[in-house]
S.K.: 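The structure follows.
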Amino acid sequence: MAQKINQAKDPGPPHGAVTGQYADEEYFMNVALLFAKKSRDPKSKVGACIVNEEGKIVGIGHNKMPNGREDDFPWKRGGSRGLDTKYPYVCHAELNAIMNKTSVDVKGCTIYVTRFPCNECAKAIIQSGIKHVVYLSKPSAEDPIEREAAERLLSGIGPRQFLSKTEADELLKSILPALNE
Ligand SMILES: Nc1ccn([C@H]2C[C@H](O)[C@@H](COP(=O)(O)O)O2)c(=O)n1
């Protein structure tokens with residue numbers, strides 16, 4: 001009976017705990033990857049998933065053109081980032097996840113995003129009160145100024161790169177021998 005009562009009080013595992021088959025963080029990053037598939041960007045599909053401190057999803061987004069204007073702007077990429085490219089128009093996945101929030105606010109939440117945030121998204125993340133950033137990849141092609149600005153902006157909330165359980169185990173295996181010399 002005691003066990004049953006304790007289980008009833010258990011708020012559920014914190015992020016990152018392995019819950020049987022699936023680590024919570026792996027679950028949330030896969031939700032972000034799933035929503036990235038909704039993107040119409042032919043070259044870079046990005047997804048973001050915001051999770052509150054109770055482990056509930058409170059925001060989801062992917063990179064897309066402004067609502068109702070999906071067909072009005074080009075998806076062309078390119079160094080010029082001019083008016084004939086997507087860059088001046090596209091709404092980033094993180095911004096959309098924040099705008100799509102289903103809770104009063106996203107203060108204290110974690111955002112899981114399939115790509116390291118740009119500086120504009122870093123500002124939106126900070127201003128929204130999100131406290132943790134977990135990202136999957138850090139594309140090298142991005143503008144170096146934007147990247148450095150994003151790193152500086154986010155340094156206060158230490159973005160962390162997502163590692164699947166398998167990758168974490170492999171990393172540990174590679175580090176342990178050096179630690180035990
Ligand atoms: N943190 C980010 C960074 C980029 N995006 C979106 C914006 C564009 O649709 C695409 C980047 O285009 P690329 O230069 O890789 O062709 O990714 C985002 O949603 N969030």
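Atoms within a ligand are numbered from 1 in the order they appear, just like the ligands themselves. Note that these values count all heavy atoms, side chains included, but never hydrogens, waters or copies made by symmetry.
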S.K.: I'd like to know whether R40 forms a salt bridge (Lys or Arg N to Asp or Glu O under 4.0 Å) with E70, so could you lay out the CA-CA distance, the side-chain angles of the two residues, the decisive distance to 0.1 Å, and finally the verdict.
M.R.: CA-CA 9 Å; R40 289 172 54 181; E70 285 79 358; 5.7 Å; no
S.K.: Give the protein residues with at least one non-hydrogen atom closer than 4.0 Å to an atom of ligand 1, ordered by chain and number.
M.R.: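 Around ligand 1, where the cutoff is 4.0 Å for heavy atoms, the contacting residues are D41, S44, V46, N63, R77, K86, Y87, V90, H92, A93, E94, R115, F116, P117, C118, E142.
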S.K.: Determine, stepwise, if the pair K43 / D41 fulfils salt bridge (Lys or Arg N to Asp or Glu O under 4.0 Å).
M.R.: CA-CA 6 Å; K43 292 288 182 191; D41 186 326; over 6 Å; no
S.K.: With rounding to the nearest 0.5 Å, note down the distance linking CD1 in I50 to CD1 in I111.
M.R.: 4.5 Å
S.K.: Less than 4.5 Å apart, side chain to side chain, heavy atoms only: is that true for V46 and V113?
M.R.: yes
S.K.: Check for me, please, whether F28 and V133 land in the same ILVMFWY cluster - side-chain distances under 4.5 Å, paths through other members count.
M.R.: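 No: no chain of side-chain contacts under 4.5 Å links F28 to V133.
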S.K.: Could you check whether any side-chain N or O of N52 sits under 3.5 Å from a backbone N or O of C109, counting only pairs where one atom can act as donor and the other as acceptor?
M.R.: no
